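As C-alpha cells, the structure follows; a few thoughts come after it.
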Amino acid sequence: MSFYAYVLHNSVTGKLYKGHCANLGKRLKEHAWGHTKTTRQEKKNWHLVYFEELPTRENVVKREKYFKSVAGRKFLKTKFNRCLTDTRP
C-alpha cells in the first residue's frame, strides 16, 4: 500500500495546506466538498500543487512534518515560486 504527502495551494489567499493520506483522490474530494475543517472556508479555491508517493505511513508522516518545517517551507517556495505567486485561474 502506498501513502501520499501532498500540498494544496489556495489561489485566493495564497495559503498552503500540507497533509498526508492513503487515498489521494478521496482526500482531494473531501477537501473540495468542505469536509476538512482547515480548508472548508475556501473549499473551491484549493488546488493540488505537489505530492509524493511513499511506501509507509511512517515515511509519509515524516515528509509532511518536513513540509511544515522552515526547511520544508523554503523547499516548497523555491520549487513552486511561480505557481504559488500566480493567483490567476
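Here the structure is a predicted model, which means the values were calculated and not measured. Along the sequence shown, residues carry numbers from 1.
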>> For the residue pair E30 / H35, report whether a side-chain donor-acceptor contact shorter than 3.5 Å exists.
In response: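 No, because no side-chain N or O of H35 sits under 3.5 Å from a partner of the opposite role on E30.
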>> Whether the Y66 and E64 side chains hold a donor-acceptor pair (N or O, under 3.5 Å, no angle test) is what I'd like checked.
In response: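 No.
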>> Grouping I, L, V, M, F, W and Y whenever their side-chain heavy atoms are under 4.5 Å apart, do F67 and F51 come out in a common cluster?
In response: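 Shared cluster, no.
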>> Tell me whether Y4 shares a hydrophobic cluster with L28, the cluster being built from Ile, Leu, Val, Met, Phe, Trp, Tyr side chains joined at under 4.5 Å.
In response: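 Shared cluster, yes.
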Side-chain heavy-atom pair [X], [Y] within 4.5 angstrom cut-off:
| X | Y | answer |
| --- | --- | --- |
| C21 | K26 | no |
| R63 | E52 | yes |
| H20 | V61 | yes |
| L48 | V7 | no |

> Counting N and O atoms only, with roles assigned by atom type, does the side chain of T36 sit under 3.5 Å from a partner on the main chain of T39, one being a donor and the other an acceptor?
Replying inline: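 No, the answer is negative, given that no donor and acceptor are paired below the 3.5 Å cut-off.
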>> Between T13 and K15 (side chain of the first, backbone of the second, donor and acceptor by atom type, cut-off under 3.5 Å), is there such a pair?
In response: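 It does hold such a pair.
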>> Would you call the rings of Y17 and Y6 parallel, tilted or perpendicular, taking 30° and 60° as the class edges?
In response: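 Taking Y6 first and then Y17, their aromatic rings sit tilted (interplane angle of 30° to 60°).
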Looking only at non-hydrogen atoms, find the nearest pair between [X] and [Y] and report the distance.
| X | Y | value |
| --- | --- | --- |
| S69 | G72 | OG-N, 3.0 Å |
| H47 | N45 | CD2-O, 3.2 Å |
| R40 | G34 | NE-O, 2.9 Å |
| W46 | L16 | CZ3-C, 4.0 Å |

> Going from CZ on F3 to OG1 on T56, what distance comes out if it is rounded to the nearest 0.5 angstrom?
Replying inline: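 Nearest 0.5 Å value for the CZ-OG1 distance: 7.5 Å.
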> Of H9, K68, K18, which is the lone residue that meets side-chain contact (heavy atoms from CB on, under 4.5 Å) with L76?
Replying inline: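 So the option named by the test is K18.
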